[in-house]
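Structure record follows, encoded as C-alpha cells.
Just so it is clear, the model here is predicted, and its values are computed rather than measured.
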Amino acid sequence: MKTSNQLLLLSVLSALSAAVAAADSATGAGQASVDTSKWQCTLCKFEDGLSGALDVGVGYVSDDSFKFGEYTGLNEKGAFFIGDGAARFRGAGGAYWNVNASNLGLDSRSLDAEGGNQGKYKLILKYDELPHFISDSARTPFLGSGGAFLTLPAGFPAAATGLMPLAGTLQPVGLDTQRKRLGVGGSWIPVRDWEYAVNFRHETREGTKRTAGAFLFTSAQLVEPVDYVTDQVDASASYRGSKWQVKIAYYGSRFRNSNDALTWQNPFTPAPAFPGAVAGQLALPPDNQFHQISASLGYQFSARTRATADIAFGRMTQDESFLAPTLNPTPFPTLAVPALPRNSLDGRVDTLNANLKLTSAVTNQLRLNAAYTRNDRDNKTSQAAYTWVTTDSFVNAVPRTNLPYSFTQDRFKLSADYRASARMRASVGFDHDSHKRTFQEADKTREDTIWGKVASRALDNLDMTFKLAHGERNNSGYQAVPGIFPPENPLLRKYNMADRTRDSAGLRADIAPAENISIGLGVDGSKDDYSDSTIGLTSGSDLNLNGDVSVILTEQTSLHFFANREVIKSKQFGSQTFSTPDWSGENKDTIDVIGIGVKHAAIKDKLDVGADYTVTRSRSEISVNTGVSDPAFPNLSTSLRGLRLYATYRLKDNVSLNGGYWYERYDTRNWMLDGVTPSTIPTVLTFGEQPPRYHVHVIRVAVRYKFRVSSFEFRVSSFGFRVQRTNWLISMIGSSMASTISSTIPPITRIITGSSRVRNTARRRSSA
C-alpha cells in the first residue's frame, strides 16, 4: 500500500473515531471513550543518529586495455583496491550530514559531503576524477609528445613515409586525459521562504589527444597537449511563497589553456617551390569567459492553473592574441606576408534565453499546455579581411573575412491532454520552430509539426500507446554565402537548413498474461524526405524494434529478457566537378542488442546470486555509385559480449560478503584502420592505430559493513571524547588545579562514558 493511501486511511479512522465519540456523548450512551494515548504511527518513525555502510575489498583485472577502461579506470592489468562508503547522520533540531565515497582505489574516484540544518543552511563539498583513455596503440617518431613543441630525430625529413627511418624511431604514446573537479558551496535560509546559494567549481584537465597538421599535400598525425583549467561560480537568491516563486541567479565561467599553440617540424621534405615550409604551428583552444544573469518566476493562479517564466542574459568573450600567420620566414619567394589587421579577435557574443510556460486543468478531464522559447545568439565580433598562409607553404592572393554568425530561434508548443475515460487518454499538439540566421545559406527556416498520442487499456491485462507525427520544414531561399572561399556548389543543400518532410509513428503494448509475467513490445519509426535537395542528403529513415519480458519464476527467482534492433538509413548525392550530381552514396547502420538476466535467493535471507548476459552488435554498410565498377567498401562491424555474475552472502545482520565476476569481449573491424601502419600512406604519417580489441576478466571481492549508532549513543561518544581531552589537560596542568577542573564535570557523564580515569576519580570521592 502506498504511503499516501496509508496516511489517508489513518485520517479517515481518526475522523470516524471522533464522530463515534461525539455520537455517544449526544445519545448518552455512557460508553467509555477510546484511549488513543498509546496509538503509534509506524510510518512516521524518524531514524536519528549515525548510519551507513562501508565496502572494502580487492579486485583484479586480467589484461591491459584502454578501451575497456575508457572511463572506468580499469585500464591496467593487476589488482586494485575497492573502497566505497556512505554515512548518514540525523540529529536533534534538524542537524544532518551525508558523506558518499566511491571507487577510491581507481582513477574514477569520487567523494561528496553535504551537511547543515534542515530548513536553515546547507554546506556542500564535492570532488571527483574522471579518466578518458583514448588509445594505447598509437606510435609516433616525434619527440616531446605531451608538450607544445614536437621535434624529429635524425633521418628526417624525407620525401615519403616509406623513406623515413620509422623502424628505429617509432615510439608508443598513450593518448588519455584526466579530469579532476573540486566543488564547494552552500545555501542559507535566513527567513521563511527565502534561500541564498553560492557554488564554486574548479576543474583541471590534463593529458594528450589526437590532432593533425598539414603542409600542402602532406600531413601527419600529432599528439596535442591538454592542460586546461576551468573555474565556474553560480550564486542565487530565491523566494518560495504559496503562489509566487522567484529566483535571481548569476553564473560565470572562465577557461584557461596553458598552451597557446602546438609547433611541430615537417617530417616531409618541402617541395622545391616552398623551401621554407619546415615547421608548422596550430592554435589551441584559447582562453575565454562566459557570464550570465538569469531570473525565474512561477505563479500559481489557482489549483488548476500555473505559469512559469525565465530569462537569461549572457556574454561570451575571447581576446587571446593572434599567432603569427606562419613560422616560416619566406613561405613564397616573391610575396611577403602582410601584417594582420588586428592583434586579437576581440570576440564577443551576447546570448538571450527565455522560456514561458502555461498549464491549466480546464476540467477534470482536459488539460491545456502552452510554451514559448527564444534562443538568441548575437555575435558582435568585428569583421576584418585576413591574408592567410595555406599550411605554412604559400600566401593566398584572396584574403578571407571572418563571418560573425548569429541566429535567433523561436519555438511555440501547444498541446492538450484529454482523459476520455478511466481506460483511455488522448493528447494532441502543435510545435512551431523558426530560425533566423546571418552569414548562412538560408536566412530563415520554419518547421511546423503536428502530433497525436492515444493511450488505452484495451483489456485488464493490456495497455497500448500509439503516436503519430508529421512535420514540414521550409526555408526562405537557399543561396551560397558570398564570404565563403572557395565558393560552394549552388546546388548543395545542408541538411539542417534544407526543405524537409518528416513522418514518424510509434506503437507500444504492455501485456500481463499472468500475475508473474509482464511483456512489452514496441516499434518506432521515422522517415525524412529532402525532395528539393539536388546535392547533399536526400533521404533518411530510422526504425526501432524492441521487446522485454519479466518473469517471477518462484518467490526466490526472477528472470528478465530484452532485445532491441535499430536500422538507420541515409542517401546522398554529390558532384566531383562542381556541377550536377555524378555520384551517390547510401549508408545503412544496424544495431542489435540482446540481454538476459536472472536473480535467485539461493538461501533465504542469507545468500543472493544473479547473472546478466548481454550481446551488442553493430554493422555499417557504405555503398558508393560513381558510374564505374569501383570495388565496394568493406563493412564496418563491432561486437560486444558481456557477462556479469554477482553474489551476496550475509555473514551477520550487518556484515556481508560481496563477490562479482565480469567478463567482456570487444571486437571491431574497421577498414580505415585495419593494417594501416605509419608508412602505409606515402603522404600521410599516421599513428598506425589499430581498432581496439580485447577480452578482459574482472574479479571483485569485498566486505560490506553496515553500522548504526543512535543519536543518544552518538552524543555519549562525543561526551567521552571531550572527557578524554579534559583528562589530558588535567595531567598537563598539575594536580593542584586538577581537582578544580575535574569537579566541574558532571559525575553522571563520567560514569556513562566509562572512562577509567573518571571511574577512579569517582571511587576516590566515594571513599572519602
Inset, instruction - Could you name each residue pair satisfying side-chain hydrogen bond (donor to acceptor under 3.5 Å, both in side chains) that touches residues 509-524, not counting sequence neighbours? - result: Arg508-Asp510
Legend entry - Check: Phe89 and Val99 side chains under 4.5 Å, non-hydrogen atoms: no
Inset, instruction - Please determine, by modelled atom types, if Gln365 and Arg425 share a side-chain donor-acceptor pair under 3.5 angstrom. - result: no
Legend entry - Heavy-atom pair with the smallest gap, counting every atom of Ile82 and Ala702: CG2-CB, 4.2 Å
Legend entry - Those residues that, when tested against Thr305, pass side chain to side chain donor-acceptor pair (under 3.5 Å) (two or more places apart): Ser360
Inset, instruction - Spell out, as yes or no, whether a donor-acceptor pair under 3.5 Å connects the side chain of Ser108 to the backbone of Thr72. - result: yes
Legend entry - Glu447 backbone acceptor or donor facing Arg473 side chain under 3.5 Å: no
Inset, instruction - Take Asp193 and Arg240 through the salt bridge (Lys or Arg N to Asp or Glu O under 4.0 Å) test and state the conclusion after the steps. - result: CA-CA 5 Å; Asp193 300 332; Arg240 297 181 180 89; over 6 Å; no
Inset, instruction - Check whether any side-chain N or O of Arg693 sits under 3.5 Å from a backbone N or O of Thr668 as a donor-acceptor pair, and report yes or no. - result: yes
Legend entry - Side-chain donor-acceptor contact under 3.5 Å, Tyr239 with Glu195: no
Inset, instruction - May I ask you to test the His132-Glu70 pair for a side-chain heavy-atom distance under 4.5 Å? - result: yes
Inset, instruction - Determine, step by step, whether Arg423 and Asp460 satisfy the salt bridge (Lys or Arg N to Asp or Glu O under 4.0 Å) criterion, reporting the C-alpha distance in whole Å, the side-chain angles of both residues, the deciding distance to 0.1 Å, and the verdict. - result: CA-CA 9 Å; Arg423 288 179 173 267; Asp460 290 340; 2.3 Å; yes
Inset, instruction - Identify whether the distance between the nearest side-chain nitrogen and carboxylate oxygen of Asp612 and Arg644 falls below 4.0 Å. - result: no
Inset, instruction - Answer yes or no: is there a donor N or O on one side and an acceptor on the other, between the side chain of Asn654 and the main chain of Lys706, under 3.5 Å? - result: yes
Legend entry - Salt-bridge contact Lys126-Glu114 (side-chain N to carboxylate O under 4.0 Å): no
Legend entry - Contact check, side chains of Leu50 and Trp97, non-hydrogen atoms, under 4.5 Å: yes
Legend entry - Distance-only donor-acceptor check, side chains Asp529 and Thr501, under 3.5 Å: no
Legend entry - Distance-only donor-acceptor check, side chains Ser110 and Ser102, under 3.5 Å: yes
Inset, instruction - Would you mind listing every salt bridge (charged side-chain N to carboxylate O under 4.0 Å, His left out) that reaches into residues 587-607, with sequence neighbours excluded? - result: Arg565-Asp592
Identify all side-chain donor-acceptor contacts of residues 549-556 below 3.5 Å with residues at least two apart in sequence or on another chain.
residue : atom : partner : partner atom : Å
Thr554  : OG1  : Gln556  : N            : 3.2
Thr554  : OG1  : Thr557  : N            : 3.1
Thr554  : OG1  : Thr557  : OG1          : 3.4

Legend entry - Check ion pair Lys527-Asp503 (N to O, under 4.0 angstrom): no
Inset, instruction - Using only heavy-atom distances, determine whether the side chains of Asn587 and Glu621 contain a donor-acceptor pair under 3.5 Å. - result: no
Inset, instruction - Could you check whether the rings of Tyr299 and Phe301 sit parallel, tilted or perpendicular, using 30° and 60° as the cut-offs? - result: perpendicular
Legend entry - Check: Asn364 and Arg304 side chains under 4.5 Å, non-hydrogen atoms: yes
Inset, instruction - Of all the heavy-atom pairs spanning Gly595 and Phe561, show the shortest one and how long it is. - result: O-CD1, 3.2 Å
Legend entry - Residue pairs passing the ring pair (Phe, Tyr, Trp, His ring centres under 6.0 Å) test where at least one lies in residues 411-435, sequence neighbours excluded: Tyr372-Phe412, Phe412-His432
Legend entry - Exercise: do Asn369 and Ser415 side chains pair donor with acceptor under 3.5 Å: yes
Inset, instruction - Establish, from distance only, whether the side-chain atoms of Asn355 and Thr373 form a donor-acceptor pair under 3.5 Å. - result: yes
Inset, instruction - Go through the side-chain N and O atoms of Asp667 and Ser639 and say whether any donor and acceptor fall under 3.5 Å apart. - result: no
Inset, instruction - If the plane angle is over 60° it's perpendicular, under 30° parallel, otherwise tilted; pick one for His697 and His695. - result: perpendicular
Inset, instruction - Taking the side chain as every heavy atom from C-beta outward, state whether Gln572 and Tyr495 have any pair of such atoms under 4.5 Å apart. - result: no
Legend entry - Listed partners of Thr449 passing side chain to side chain donor-acceptor pair (under 3.5 Å), at least two apart: none
Legend entry - Residue pair Val703 / Leu657, side-chain heavy-atom distance below 4.5 Å: yes
Legend entry - Phe68 to Leu74 - nearest heavy-atom pair and separation: CD2-O, 3.3 Å
Inset, instruction - May I ask you to check whether Arg90 and Asn98 show a side-chain donor-acceptor distance below 3.5 Å? - result: yes
Inset, instruction - For residues Glu664 and Leu640, determine if any side-chain heavy atom of one lies less than 4.5 Å from a side-chain heavy atom of the other. - result: yes
